Asker: 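Next up is a structure, given as structure tokens.
Computed from a prediction, not measured in an experiment: that's the story for all the values here. If you read the sequence from its start, that first residue is 1, and numbering goes on from there.
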Amino acid sequence: MSITKSRTVTHRTTEWDSHMETDNALTNAATDPSLFGVLTFTGDVMLRRLPAEVFEKLQQTMRRGLPLDPAIANTVAVAMKDWALEHGCTHYCHWFQPLTGATAEKHDAFLKPDGQGGAIAEFSGDQLIRGEPDASSFPSGGIRDTYEARGYTAWDATSPAFILKTPDGATLSIPTAFVSWTGDALDKKTPLLRSIEVISTHAMRILKIFGAGDGVSQVITTLGCEQEYFLVDEEFINQRMDLRICGRTLIGAPSPKGHQLDDHYFGSIPERVLAFMTEAEQRLYELGIPISTRHNEVAPGQYEIAPTFENANVATDHQMLTMHILRTVARHHGFVCLMHEKPFAGINGSGKHNNWSIATDTGVNLLDPRDETHTNMQFLVYLTAVIRAVDRHADLLRASIASAGNDHRLGANEAPPAIISIFLGDMLTDILDQIEKGERTSTLSRAELDLGARTLPNIPRHSSDRNRTSPFAFTGNKFEFRAVGSNASIAWPNTLLNTIIAESLDFMATELEQRLGENASKEKIEKVVSDLLKEVITKHRRVVFNGDNYSDEWRQEAERRGLPNITNSAEALAVLDSQRAKDIFTKYGVLNNDELKARVKVLREQYNTIVCIEARTLVSMIKTEVHPAGLRYQSELAETVSATQAAGLACPDTVELLTQLISLNGELSSAVREIENHLSPEFPDLVQEANHVRKNLIPAMEQTRVIADALEQITPDDLWPLPTYAEMLFIR
């Protein structure tokens, strides 16, 4: 008897659809600009609801980074509560980002008993400023034990509160930091905020040297993060344990067509997908998240969404919200949104391109080269500081994007390799050459492109091409850190990026201050800056590479240059144990030694646990689905061979197929036992376990996959129990 799998894909209408029809604010958000950010407590909302002096004090914190005045908390809390109640909120929560890599929230009701049989709505300044979740149930890396449960959430006034709506209600969400009773950071936001302040401190010193700091209160880091993701029909997800539990396929033979024809990239968006995108953008628009682009990505079933630039802290919160909205709305349209870095083997994986820059709070982008770049000394100092930082701390930058999922993606054809290098392009590279020679005389012109048809306009050409193979590429007025994984929180990589660049800004500022002394003339500044630029570039330009980062020649060249090539997360996380890592984090107050140690422990635990979960899932799928299907086919084929031979007929091809099938089924049983053997040992520490996972467990899983995929390719479709790549990637 054969068992067939369901091929039915239903496009369901959910309760949300009827809710959408009546929610005018939501359905009109994308077409009515006045509705942008209607569910965020910021801007016009605060201006209308807060007394002028309270509004101004809160703006000083939000816009200029000044300390929050506790005296205004009660007034803000009352206004926030009234606004939330008017939008249907019954509860509020402190919304924070623990070390799980996701977000967390505990909902508290606004309504409290009044002692007379009724209820009143209460929300005080103390409730706004501080919450008290259990700190022992989140990953803490040993900072908190189970018997030490007290933790605090602290209001982050620099990121606006927002309202999350569902078909059945709404909740006021207040972005917060999360710390232990000892004051140690237990989250990803607190170190990020510290790193942003350190960047500002040392970037301001350089502005002062160039006399450009007047009217500037702080320097901010800005981010724009492109989010790649897959959409797979929910019916297929429900039939695959690996996608349900792990977010990626642990087995699966290649589809006859993948992305060989490059026809999906920037192609016409399928109507059902476009409906999902439209609703997701409407929800994000309401939350004040400025989405600017959407398009098909390289792989079939893969898409991308990108916002405009915001300050790094708000952008990080908005990025977490974007992932939440994408996942939630996908279900409304019968999809599941997959953000794993490599859901499908052999198919383009997903990243989160981290576009980073620095700017003054008056709106000046400090990484904008401007015209005649060779004369823009201030820009060249900031640029050189970034080059120095990436060269000195390339291994730390690699460690910041280490994860079990990202290991499947780095170095593949859609992602940069594990060697961290910088792409600058022709114009800036030419200026580096001039600086090294001791003379800056020209900037390569940005010529226009004549397209050869009178009806087409001449196109102004950028100063350099783009390099999508580079992990850290300068793209006009920002750096694009392309190696960040699609499923990751951007808080950790940006915390580390900010810290290493702050160290370089500190170095550059200190050198200039010492060499210039007081009241230096313009000529002296020019000479001193030129000399320092030459020294730093000569020493650190080895990290600059404008060619093909995928090539074997580059790997060999990078080794000659002494650049680290850390190919897996087990090795990458070891970098964070180094004294150099401890020194830089403690020197700039971003993480103390306990906080850093805790994060390394949590990251190792996550790496080991994720791979072990995948291994157990793979074993279960092989034992309960794949191997039984192979044995059924073997039985059917054996009966066919026996009946054919009994009739006096030869069937050499069928016998050969049966022989191959028997061999694969036997190999599959042995491969599963190998995985189980590697799941059995216990280790004295996480480092040894991570090394075992990398050297033994992962290769055993990969070998099992090879056998299972070979079995899939010869098993009849009606016997194969799992949706195939061809179905999941192409049915929309």
Side-chain angles (χ1 to χ4, degrees), residues 11-45 87 95 103 159-160 162-167 170 173 223-234 264-297 301-310 314-339 350-355 486-487 490 732:
H11 300 172
R12 291 162 295 173
T13 300
T14 66
E15 293 180 4
W16 183 269
D17 297 321
S18 59
H19 174 71
M20 285 282 292
E21 292 175 3
T22 59
D23 192 340
N24 292 329
L26 187 58
T27 55
N28 294 331
T31 56
D32 185 353
S34 67
L35 294 174
F36 178 76
V38 292
L39 296 184
T40 58
F41 192 75
T42 186
D44 291 342
V45 175
H87 280 84
W95 183 83
T103 59
S159 184
F162 56 91
I163 293 172
L164 273 182
K165 283 190 172 184
T166 69
S173 302
L223 290 179
C225 291
E226 308 161 38
Q227 176 70 59
E228 296 174 340
Y229 60 92
F230 280 84
L231 290 177
V232 176
D233 198 282
E234 189 174 6
H264 187 262
Y265 191 50
F266 278 27
S268 177
I269 301 172
E271 288 187 6
R272 185 178 168 210
V273 173
L274 190 57
F276 151 76
M277 289 180 170
T278 300
E279 182 185 340
E281 288 182 7
Q282 289 170 346
R283 296 282 309 274
L284 293 168
Y285 201 77
E286 271 195 314
L287 292 167
I289 301 175
I291 298 302
S292 62
T293 63
R294 64 190 185 199
H295 62 83
N296 289 1
E297 252 302 327
Q302 187 184 33
Y303 308 93
E304 181 178 296
I305 189 172
T308 56
F309 274 64
E310 301 178 281
V314 174
T316 300
D317 286 355
H318 281 176
Q319 225 293 308
M320 299 303 290
L321 274 173
T322 297
M323 291 196 290
H324 170 76
I325 294 298
L326 290 176
R327 290 181 174 124
T328 301
V329 174
R331 297 278 185 175
H332 306 159
H333 296 266
F335 290 122
V336 170
C337 180
L338 298 178
M339 293 186 186
S350 297
K352 197 188 318 260
H353 301 165
N354 190 92
N355 293 285
S486 55
N487 202 37
I490 60 173
R732 289 289 167 269

Asker: V329 versus E281: any side-chain heavy-atom pair under 4.5 Å?
Answerer: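 No; the side chains remain at least 4.5 Å from each other.
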Asker: Would you mind writing out the side-chain donor-acceptor pairs for residues 314-323 within the sub-3.5 Å range, not counting sequence neighbours?
Answerer:
unit_1	atom_1	unit_2	atom_2	d
T316	OG1	A312	O	2.7
D317	OD1	Q97	NE2	2.7
D317	OD1	K189	NZ	3.2
D317	OD2	S159	OG	2.6
D317	OD2	K189	NZ	2.9
H318	ND1	E310	OE1	2.9
H318	ND1	E310	OE2	2.9
Q319	OE1	K352	NZ	2.9
Q319	NE2	Q227	OE1	2.9
T322	OG1	H318	O	2.8

Asker: Determine, stepwise, if the pair K165 / L39 fulfils side-chain contact (heavy atoms from CB on, under 4.5 Å).
Answerer: CA-CA 9 Å; K165 283 190 172 184; L39 296 184; 4.1 Å; yes
Asker: I'd like to know if the side chain of H295 reaches the main chain of Y265, judged simply by a donor and an acceptor atom lying under 3.5 Å from each other, with no hydrogens or angles considered.
Answerer: no
Asker: Can you find a heavy atom in the side chain of R294 that is under 4.5 Å from one in the side chain of L274?
Answerer: yes
Asker: What's the spacing between S350 OG and Y229 OH if we round to 0.5 Å?
Answerer: 10.0 Å
Asker: If you compare all heavy atoms of G351 against all heavy atoms of S486, which two are closest, and at what distance to 0.1 Å?
Answerer: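 The pair with the smallest heavy-atom distance is O-CB, 3.5 Å.
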Asker: With a 4.5 Å cut-off on side-chain heavy atoms, are Q302 and F230 touching?
Answerer: yes
Asker: A side-chain contact here means heavy atoms from C-beta on lying under 4.5 Å apart; do F162 and W95 qualify?
Answerer: yes
Asker: To the nearest 0.5 Å, what is the distance between CG on L326 and CZ on R283?
Answerer: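 Reported to 0.5 Å precision, the distance equals 10.5 Å.
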Asker: For a 4.5 angstrom cut-off between non-hydrogen side-chain atoms, does F266 reach N296?
Answerer: no
Asker: Looking at CG of L223 and CG of N355, how far apart are the two atoms once the value is rounded to the nearest 0.5 Å?
Answerer: 8.5 Å
Asker: Where is the tightest heavy-atom contact between H87 and V38, given as atom of each residue plus distance?
Answerer: NE2-O, 3.8 Å
Asker: About how many Å separate CD1 of I163 and OG1 of T40, when rounded to the nearest 0.5 Å?
Answerer: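 If I round to the nearest 0.5 Å, the distance is 9.0 Å.
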Asker: Rounded to the nearest 0.5 Å, what separates atom SG in C337 from atom CD1 in I325?
Answerer: 11.5 Å
Asker: Does E226 use its side chain to pair, donor to acceptor, with the backbone of A306 at less than 3.5 Å?
Answerer: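 Flag not set: sc E226 to bb A306 has no pair under 3.5 Å.
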Asker: Output the distance between atom CD1 (I305) and atom OG (S292), rounded to the nearest 0.5 Å.
Answerer: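 Going from the CD1 atom of I305 to the OG atom of S292 covers 9.0 Å.
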Asker: Is L287 close to L164 at the side-chain level, that is, under 4.5 Å between some pair of heavy atoms?
Answerer: yes
Asker: Test F335 against every option in H333, R331, H332 by the side chain to side chain contact (heavy atoms under 4.5 Å, CB included) rule and name the one that passes.
Answerer: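 Only one of H333, R331, H332 forms a side chain to side chain contact (heavy atoms under 4.5 Å, CB included) with F335, namely H333.
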Asker: Side-chain contact, heavy-atom cut-off 4.5 Å: L231 with M277?
Answerer: no
